[in-house]
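Remarks on the structure that follows.
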Amino acid sequence: MQKWIQRLANISAIGMFLILAMGALVTKADAGRGCGDEWPLCHGKFVPAHTISSFIEYSHRLVVGVVTLVLIATFYLVFRYVKRNDAKFYITMTVVMTLIQAAMGALAVIWPQSSLVLALHFGLSLLAFAFSLLLALVFTSFGQFLPQKRISSGFKTLVWGTTIYSYIVVYLGAYVRHTTSTGGCTGWPLCNGEVIPELKGATGIVFTHRIAALLLFLCILAMYLQARRHYQGSDKLWFGSKWALITVSLQVISGAVVTWSMGNETAYLFTGMIHAMIVACMFGFLCYLCVLTLNDRKA
């Protein structure tokens, strides 16, 4: 039974990752209205006409439905056979976040939502993925969550502050997409050929996100340097910090590529998906570090 639970936990994490990537595709392709204003039907049908927008939106709905069923099965088995309270917490939060974001997605179809609310939809998907990832890690060697030495309060504060701040930066990125502000800054690293452009409209939104992303990179770099200096002997802290830095670096690069690819629709959609997927990985590593700090050894 333990093996079945582990497999379902892994499938849940992969499924949540796929949902997040497909949600980004729906936004980038402007396919959120691909099924009209109906839910769960798509233009009055269970199997809609084969238009690109309806296919993208319907595929996203279908994957959400299948993954939700997997989560329900995982939820039952974890509470029935797993004694670890952290595993029960992770699966509970995954289910809760998935149901909330699914409900928000349905409401966004029936009643048009503001960009502020639509951006939160991606944020909830990100949290659902993070909790599902932590659940999957429970059943691996990384799931013991015990660092090899005591963690300073300063490093704990840095980890938690960076993780919370990263969520804000991700929300700003989602807000950029939902307000279709991406074109506010042409070129990278300069914005419209200027170091500091006129901060109005779409340009102001995109430039704010860029500055916030730069600060996030510096926070994660500081966290990595601290881990390298003080916790290199702790494989889990070192592992999480190193990969947080790698993924935030890739995130910066992918953001630049998204800007450069705006003239090519296919490349723009593909790079936008990659950008969202890297965000999920980065946030996952940061959440893993947060859990490590909660299980600090006292000696």
Side-chain angles (χ1 to χ4, degrees), residues 17 20-32 56 114-116 118-123 125-126 129-130 158 161-225 241-286:
F17 188 75
L20 192 145
M22 292 182 71
L25 177 61
V26 168
T27 302
K28 285 289 185 181
D30 196 22
I56 293 174
S114 68
S115 297
L116 288 170
L118 290 173
L120 184 60
H121 185 67
F122 180 81
S125 297
L126 187 64
F129 165 71
L158 180 59
T162 299
T163 303
I164 294 171
Y165 177 65
S166 73
Y167 190 79
I168 296 173
V169 176
V170 169
Y171 180 84
L172 282 173
Y175 185 70
V176 168
R177 290 196 300 273
H178 284 288
T179 55
T180 61
S181 299
T182 308
C185 278
T186 57
W188 191 93
L190 298 180
C191 178
N192 301 329
E194 299 177 291
V195 176
I196 302 178
E198 186 177 2
L199 302 178
K200 292 183 178 179
T203 300
I205 295 173
V206 176
F207 189 74
T208 299
H209 176 60
R210 287 191 180 186
I211 295 300
L214 174 60
L215 292 177
L216 176 61
F217 173 81
L218 294 176
C219 287
I220 293 179
L221 176 61
M223 185 177 67
Y224 165 79
L225 293 175
S241 299
K242 178 178 67 176
W243 279 98
L245 180 62
I246 290 173
T247 49
V248 76
S249 300
L250 292 174
Q251 181 68 0
V252 172
I253 295 171
S254 66
V257 174
V258 169
T259 301
W260 295 333
S261 65
M262 283 192 293
N264 186 315
E265 184 176 353
T266 301
Y268 179 67
L269 292 177
F270 178 74
T271 55
M273 282 187 64
I274 296 297
H275 192 62
M277 292 162 70
I278 296 173
V279 164
C281 294
M282 178 197 70
F283 190 72
F285 285 119
L286 289 174

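Just so you know, these numbers come straight off a predicted model, no measurement behind them.
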Heavy atoms of Phe207 and Leu199 approach each other most closely as CD2-CD2, 3.4 Å
Separation between OG1 (Thr163) and CZ (Phe283), nearest 0.5 Å, reads 7.0 Å
OG1 (Thr162) and OH (Tyr224) are apart, to the nearest 0.5 Å, by 15.5 Å
The residue among Val279, Leu245, Ile278 that forms side-chain contact (heavy atoms from CB on, under 4.5 Å) with Leu250 is Ile278
Closest non-hydrogen atoms of Phe129 and Cys281, given as atom of the first, atom of the second and distance, are CE2-N, 4.5 Å
Rounded to the nearest 0.5 angstrom, the NE2-CD1 distance for His275 and Ile253 is 12.0 Å
Can you tell me if Tyr165 uses its side chain to pair, donor with acceptor, with the backbone of Ala212 under 3.5 Å?
-> yes
One should read off an interatomic distance between Leu221 CG and Ser241 OG, to the nearest 0.5 angstrom, of 11.0 Å
- State whether the number of non-hydrogen atoms from other residues, nucleotides or ligands found under 6.0 Å of Trp243 atom CH2 is greater than 12. no
Here the pair of heavy atoms bringing Ala21 nearest to Met277 is CB-CG, 3.7 Å
#### Entry: Intermediate values then yes/no, side chain to side chain contact (heavy atoms under 4.5 Å, CB included), Ile220 and Gln251
CA-CA 12 Å; Ile220 293 179; Gln251 181 68 0; over 6 Å; no
In this structure, CG of Leu286 is separated from SG of Cys219 (nearest 0.5 Å) by 10.0 Å
Before you tell me yes or no, could you show the steps for Cys191 and Thr203 under side chain to side chain contact (heavy atoms under 4.5 Å, CB included), namely the whole-Å CA-CA distance, both residues' side-chain angles and the distance that decides it to 0.1 Å? CA-CA 8 Å; Cys191 178; Thr203 300; 3.9 Å; yes
| said: Given 3.5 Å as the limit, does a donor-acceptor pair link the side chain of Tyr167 with the main chain of Gly123, or not? | reply: yes
Nearest heavy-atom contact between Ser166 and Leu216 is CB-CD1, 3.7 Å
Closest non-hydrogen contact found for Met282 with Ala244 is CG-O, 4.3 Å
Q: Tell me, yes or no, whether the heavy-atom count around Glu194 atom CD, taken from other residues, nucleotides or ligands under 6.0 Å, exceeds 12.
A: yes
Shortest non-hydrogen pair, Val206 vs Cys185, comes out as CG1-CB, 3.7 Å
Which of Ile205, Thr259, Leu172 passes side-chain contact (heavy atoms from CB on, under 4.5 Å) with Arg210? It is Thr259
